[in-house]
Protein chains: 2
Amino acid sequence: MSIAAVERDCGISKDTLRIWERRYGFPTPLRDANDERLYPADQVARLRLLRRLIGAGHRPGKVVARPEAELLALLRELDAAPMAGGPVGGDGRAADAAQVLDALIAHDAERLRDSLAGLLLREGLRAFAAQIGPGLTQVVGAAWARGELEIHQEHLFTDQFTSVLRAAIGAATAAGGLREGPRVLLTTLPEEPHGLGLLMAEAIFVLEGCRCVSLGVQTPVRDVALAARAHRADVLALSFSAAVSAGQARAGLADLRAVAPADVEIWAGGACPGLREPPGVRRLRDLPGISAEVARWRTSAALRDGA
Amino acid sequence: MSIAAVERDCGISKDTLRIWERRYGFPTPLRDANDERLYPADQVARLRLLRRLIGAGHRPGKVVARPEAELLALLRELDAAPMAGGPVGGDGRAADAAQVLDALIAHDAERLRDSLAGLLLREGLRAFAAQIGPGLTQVVGAAWARGELEIHQEHLFTDQFTSVLRAAIGAATAAGGLREGPRVLLTTLPEEPHGLGLLMAEAIFVLEGCRCVSLGVQTPVRDVALAARAHRADVLALSFSAAVSAGQARAGLADLRAVAPADVEIWAGGACPGLREPPGVRRLRDLPGISAEVARWRTSAALRDGA
DNA sequence: TTGCCTATTTGTCCTAGACAAATAGGCCGA
DNA sequence: TCGGCCTATTTGTCTAGGACAAATAGGCAA
């Protein structure tokens, strides 16, 4: 696996990979005939673990060189901190998650889909998008990190979940509603390829009666600003998963704030660790928080119109 | 604007920016107190033009150094190449495409969605996925290359088209049918981030009565093979857009053929230029070709069962 | 025209050094 | 014991120029 492939796969830049090798003695890639780095699969797996650990707050200098004791550290965190900002549901939720995991482990796509659709019907779109979705995503991600699931099973989950949620959003949009909320433009910046968080956010926005336009993932900063003008958006909603580093997220948001119209609000959400609230940007802690934020927007909009 | 910001904004890598400067004398960024490159806004705009021209087929060596005559060259392409390799449909199809383009140009997401949904209803899912979809994709891509659309408009099209098509696939799957076709596992390899082609293919497969499982995009080769076993797939369907180079596609397919079970067929489709038929892989020229291929599979499966 | 072979172009990779921003840890005052 | 400030370390990104393989263009023969 080439250095570029590892960068794509693990989200660690080439520069960083080289300097870790120089400083910490890991990774230790082989070299091909042209003296280029070739990373064995096990080292790539370890790099993925490292990325998660560092994303969870560990210092690179402390963990990069460590052999496989990281696995233990990681497992502890996964066990110890499932509550930190995590799913708050009780036993019922855990049972639901187990059901979904079972279907994934059995490679049963139909059962997986039925489970998800059943949860949606039973709990409603709001709970499905705001609580169940994030919970399941975390459970699946943790199971993968523990080695209980293969990547292709996570892919299957993502695809089925996306499918069910998109259908629900379509139905909710068609059902219409107030249409008095802000115009919301949803997307992610170029370094963020994951669209699940965006989709869950869109569901909440739609339920709040907002007029949503989604550009999908990886829109260049300049184009986000152009689109904000073109669609006369009131709010730009950006999603940052744990895959994107806090530094990148901050830089992207600062760029965007500089080029976007000043009267457009920027709301940033997602599991990205260490992402604080940059100037001119609202940081939404979780998906249910969208509702409160929309309510706040409505109030201030009413004030503005009244004035 | 720092080199990292330009990389994000223009999609030109840092390495490439530096080597253009060395080789062609452009760009000529200023330097900050720390001797780091600072790109003025006008150079960044010119870099964006360059990216478009190069994407449209120009050689960097010929255009990077040129002053603002590029604008002229770009304008010429705008007029000269709207038909090159263009859509084959008749007048009706051209009118449909114009309608979709109009909605995109007007930034009217609702009208865009209605247009697409209307086309789906009028022409049926098969024509929508196999002819209209590829035609529209090409028309939109060409309009972007001519500078008539911004990237965010292409994103909007992709999102809306995906949404309409996913809903249709869901309905078609629920409607059931023969369920006698092959088990098909759909995905793309890691270097291919585009999922539209995959989705169109899935629609055709579903219409042919195949049992489809989609893993979404960018599944590692090893995991595709694992998933093929896990789902007892008869066929692996891979999609390669024009974005991926022929060499990467060939290498990926060869790797996959080596690790996938021997009795699983590999079908490769998509607009990837120069992708020939590697050993052990079937190259599908276009989406309607899927139907014939499924028919062929049925025949040979019947022979096998009979024997 | 079509196909092959060579020459040029072009992006990515390499090494190794430097520095600013972010973080941790110590220290002092309340 | 806790909060704020200041210094030391850590860490990612930037710099430079050199090298080479893959992709493309151009010439030539069939």
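The chains referred to below are lettered A, B, ... by the order of the sequence lines, with proteins before strands, and numbering in each begins at 1.
Checked against side chain to side chain donor-acceptor pair (under 3.5 Å), Q218(B) has no partners two or more places apart in sequence or in another chain.
Taking atom CG of residue L53(B) and atom C1' of nucleotide dT10(C), one finds them 17 Å apart after rounding to whole Å. Distance, L17(A) CG to dC14(C) C1': 14 Å, rounded to whole Å. Rounded to whole Å, the distance from CG on L38(B) to C1' on dT15(D) is 14 Å. Note: CD1 (I12(B)) to P (dG11(C)) measures 9 Å, nearest angstrom. In this structure, R18(A) atom CZ and dC14(C) atom C1' are separated by 7 Å, rounded to whole Å. Atoms CG (L50(A)) and C1' (dG12(D)) sit 16 Å apart, rounded to a whole Å. Here the C1' atom of nucleotide dT9(C) and the CD1 atom of I54(B) are 12 Å apart, to the nearest Å. Look at CD on E7(B): it is 17 Å from P on dG12(D), rounded to the nearest Å.
In terms of phosphate contacts, T16(B) brings a side-chain nitrogen or oxygen within less than 4.0 Å of OP1 or OP2 of dT12(C). The phosphate of dG12(D) (OP1 or OP2) has a side-chain N or O of W20(A) nearer than 4.0 angstrom.
Direction change of the helix axis from one end of the helix from dT1(C)-dA30(D) to dA30(C)-dT1(D) to the other is 30°, with five pairs defining each end axis (rounded to 10°).
When each of D15(B) and S13(A) is assigned the nucleotide of DNA chain D bearing its nearest heavy atom, the one mapping closer to the 5' terminus is S13(A). Toward the 5′ end of DNA chain D lies the nearest nucleotide of K14(B), the other residue of the pair A33(A) and K14(B) mapping further downstream.
Relative to the side chain of Y24(A), the nucleotides dC14(C), dG11(C), dT11(D) differ in distance, and dT11(D) lies closest.
The two residues I266(A) and G280(A) come nearest to each other via the heavy atoms CB-O, 4.3 Å.
For E154(B) (side chain) and V140(B) (main-chain N/O), no donor-acceptor pair under 3.5 Å exists by modelled atom type.
Separation of atoms CZ (F26(A)) and CD (Q43(A)) is listed at 4.5 Å; rounding is to 0.5 Å. Here the straight-line distance linking atom CG of D255(B) with atom CG of L189(B) works out to 9.0 Å at 0.5 Å rounding.
Nucleic acid contact class of R37(A) (heavy atoms, under 4.0 Å, all strands): sugar-phosphate only. In this structure, S2(B) reaches neither bases nor backbone, as no heavy-atom distance under 4.0 Å exists between it and the strands shown.
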Check the pair L149(B), F157(B) against side-chain contact (heavy atoms from CB on, under 4.5 Å), reporting the backbone distance first and the verdict last. CA-CA 11 Å; L149(B) 292 180; F157(B) 168 76; over 6 Å; no
Dump the intermediate steps for side-chain contact (heavy atoms from CB on, under 4.5 Å) on R31(A) and R37(A), then the final yes or no. CA-CA 5 Å; R31(A) 298 299 178 121; R37(A) 291 172 174 80; 3.5 Å; yes
Would you check, one step at a time, whether the test side-chain contact (heavy atoms from CB on, under 4.5 Å) holds for Q153(B) with E148(B)? CA-CA 10 Å; Q153(B) 292 170 295; E148(B) 292 170 11; over 6 Å; no
Base versus backbone protein contacts along nucleotides 18-23 of chain C [heavy-atom cut-off under 4.0 Å; B, S, -]: BSS--S
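Salt-bridge formation is detected for the pair E293(A)/R296(A): a Lys NZ or Arg NE/NH1/NH2 atom is positioned less than 4.0 Å from an Asp or Glu carboxylate oxygen.
Around CZ of R51(B), the count of heavy atoms belonging to other residues, nucleotides or ligands within 6.0 Å does not exceed 12.
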